Amino acid sequence: MLKQGSAFDRYFKISERGSNLSREIRGGFATFFAMSYIVVLNPLILSGPDSSGNTLGFAAVAAVTAFVAGILTILMGAWGRHPFALAAGLGVNAFVAVTVATNPGLTWPDMMGLVVLSGVTMMILVLTGFRTAVFKAVPDGLKTAIVVGIGLFIALIGLVNAGFVRRIPDAAGTTVPVGLGFDGKLLGWPTAVFVFGLILTIALVVRKVKGAILIGIIASTIISVILEMTLHIGPSFDGTTANPQGWSLVAPSFTGWSAPDLSLIGKANPFGAFEHLGFVAATLLAFVILLSIFFDAMGTMVGLANEAGTVDKDGNIPDVDRVLQVDALGAIVGGGASVSSNQIYVEAGAGIGEGARTGVASIVTGLLFLVAMFFTPLINLVPFEAVAPALVVVGFMMVSQVGKIDWQDWGIAIPAFLTLTLMPFTYSIANGLGAGFIAYVLIRTFQGRIKDVHPLMWAVAGAFLLFFAVGPIEAALGMP
């Protein structure tokens with residue numbers, strides 16, 4: 001039983017933020033279940049060979065992904081004191097994998113070395129106060145748009161992960177990028193599990209049942225396991241055959257205990273890319289990584305803190321410097337361990353929706369990641385379809401803040417609209433932020449209100465212009 005006013009309570013601000021120990025524990029479990037898929041997905045993304053024909057190894061990447069996520073999330077909870085969890089960032093790891101595959105001179109250690117250098121640069125920006133200053137320079141209307149955009153994004157992630165919304169291949173002869181289910185129809189037991197979980201979670205939330213989101217995840221998981229044991233549904237793709245009625249990526253299964261392989265730690269080569277690609281090309285790649293981790297984390301942090309209600313009356317996040325320090329460390333440690341940059345995850349919203357308000361929830365999530373290194377059933381028992389309803393419900397909670405945006409002020413309204421639409425439509429928080437920031441600076445200029453634009457917003461907009469111009473710059477340099 002947590003004693004109110006104890007040193008533990010005061011340090012983590014549990015009572016101050018209107019929470020309690022049971023909420024934090026439930027929230028920690030909910031966040032873990034919502035993001036545990038990364039332990040399976042990250043090895044798949046980083047599975048290809050480099051220019052020397054070497055691979056990182058599925059088992060090693062899985063183990064180190066869980067290990068690094070566990071350590072950094074515990075650190076976020078203990079030092080940052082917010083219910084934020086970190087793991088390998090999907091945007092950066094995909095960029096890393098594609099870059100290694102398309103640049104003949106690069107090896108995995110070379111590319112991970114660039115991630116380390118980007119993290120070191122990020123840490124310098126945090127320690128000098130620049131990153132915090134940028135956060136404070138963003139207008140309140142854009143901060144709200146970030147929250148709404150992330151809400152739409154996290155809901156889309158849930159719908160796509162559950163197979164309720166699916167990408168339509170270009171070969172289908174249609175210009176529609178996504179559609180309902182498979183070929184316009186809802187098929188398969190996994191989709192039925194998602195629908196059941198969504199209805200159950202909504203019912204529990206509107207009835208204000210404690211633990212609503214976690215109960216929804218557990219109930220859906222139990223049904224998933226029973227269905228898989230009796231019907232042997234299998235995954236949506238087993239490596240050779242596509243099964244549109246199968247489970248998305250993870251089919252509920254019990255695979256037993258295994259000793260973690262942590263041999264990838266310390267394998268990165270910080271300056272290898274400069275040797276193989278040259279200074280300009282390597283610097284450009286590092287810049288893209290830097291911009292992605294800089295603004296993805298800022299946007300996610302703003303969205304989650306607003307949803308948790310931990311911002312102060314001026315819209316600032318308490319201990320924001322500590323949060324940003326851990327986030328910068330995530331790039332350094334993630335790159336150094338060869339699993340790509342670790343970043344704050346939007347799926348932490350599942351824990352916040354469950355009532356988490358402090359770093360205690362993050363410590364619980366981190367400990368579960370460390371346990372997951374040994375007990376893979378904690379990962380493989382929970383399919384996407386069981387977690388996706390929580391993401392959709394949390395997305396609704398975040399989108400509900402859209403009324404706070406001043407839609408009559410077009411200098412805020414148009415940038416806000418671009419921010420909250422491009423995040424889900426481009427599957428990137430950074431893209432939405434970039435479009436919104438650039439639009440804000442331009443429209444205020446057109447309105448003759450240049451004085452309303454903070455000088456740092458000009459610098460950020462300029463950086464994003466360069467970010468969006470990376471393609472033409474690479475073409476000009478003859479890069480693949």
Side-chain angles (χ1 to χ4, degrees), residues 32 35-73 86-119 235-240 248-251 253-273 276 285 289 330-343 345 366 368-382 384:
F32 171 74
M35 60 187 290
S36 60
Y37 67 86
I38 192 59
V39 178
V40 176
L41 185 56
N42 200 38
L44 293 175
I45 294 174
L46 302 178
S47 62
D50 59 19
S51 60
S52 60
N54 295 322
T55 62
L56 295 173
F58 189 96
V61 175
V64 178
T65 296
F67 176 73
V68 172
I71 295 298
L72 288 170
T73 301
L86 290 82
L90 287 176
V92 176
N93 64 4
F95 175 76
V96 166
V98 170
T99 303
V100 168
T102 57
N103 284 272
L106 277 181
T107 65
W108 283 113
D110 295 341
M111 197 62 204
M112 293 301 176
L114 287 181
V115 176
V116 173
L117 292 179
S118 298
S236 60
F237 184 70
D238 61 8
T240 57
S248 177
L249 184 62
V250 177
S253 62
F254 187 91
T255 55
W257 176 92
S258 62
D261 178 1
L262 304 180
S263 61
L264 290 175
I265 296 175
K267 298 293 187 181
N269 181 4
F271 301 104
H276 294 124
L285 291 177
I289 296 171
I332 298 172
V333 175
S338 297
V339 292
S340 185
S341 172
N342 274 234
Q343 300 164 226
Y345 258 54
L368 289 172
F369 267 115
L370 295 182
V371 172
M373 287 194 304
F374 300 91
F375 297 96
T376 52
L378 289 174
I379 304 299
N380 291 334
L381 277 178
V382 185
F384 279 165

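Just so it is clear, the model here is predicted, and its values are computed rather than measured.
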Spatial distance of atom CE (Met35) from atom CG (Leu368) [nearest 0.5 Å]: 11.0 Å
Ring-plane angle category for Tyr37 and Tyr345, please: parallel below 30°, perpendicular beyond 60°, tilted otherwise. tilted
Please report the C-alpha distance between Ile289 and Leu114 in whole Å, then the side-chain angles of each, then the deciding distance to 0.1 Å, and finally whether the side chain to side chain contact (heavy atoms under 4.5 Å, CB included) criterion is met. CA-CA 8 Å; Ile289 296 171; Leu114 287 181; 4.3 Å; yes
Do Leu46 and Thr55 make a side-chain contact, defined as non-hydrogen atoms from C-beta onward lying under 4.5 Å apart? no
Rounded to the nearest 0.5 angstrom, the CG-OG1 distance for Asn342 and Thr65 is 7.5 Å
Can you name the nearest heavy-atom pair linking Pro260 to Phe374, along with the distance? CD-CE2, 3.3 Å
For the student: nearest non-hydrogen atoms of Phe67 and Leu262, plus distance: CB-CD2, 4.0 Å
Under a 3.5 Å distance rule, please check whether Thr73 uses its side chain to pair with a backbone N or O of Leu86 as donor and acceptor. yes
Ser340 versus Val92, closest heavy-atom pair with distance: OG-CG1, 3.4 Å
Restricting to non-hydrogen atoms, name the atom on Ala337 and the atom on Val68 that form the minimum distance, rounded to 0.1 Å. CB-CG2, 3.7 Å
Separation between CE of Met112 and OG1 of Thr107, rounded to the nearest 0.5 Å: 10.0 Å
Which pair of heavy atoms, one from Leu106 and one from Asp110, lies closest together, and at what distance? CD2-CB, 3.8 Å
Spacing of Asn42 atom CG and Leu56 atom CG [to the nearest 0.5 Å]: 9.5 Å
Are any side-chain N or O atoms of Asp50 and backbone N or O atoms of Trp108, one a donor and one an acceptor, separated by less than 3.5 Å? yes
I need the minimum non-hydrogen distance between Val116 and Ala268, along with the two atoms involved. CG2-CB, 4.2 Å
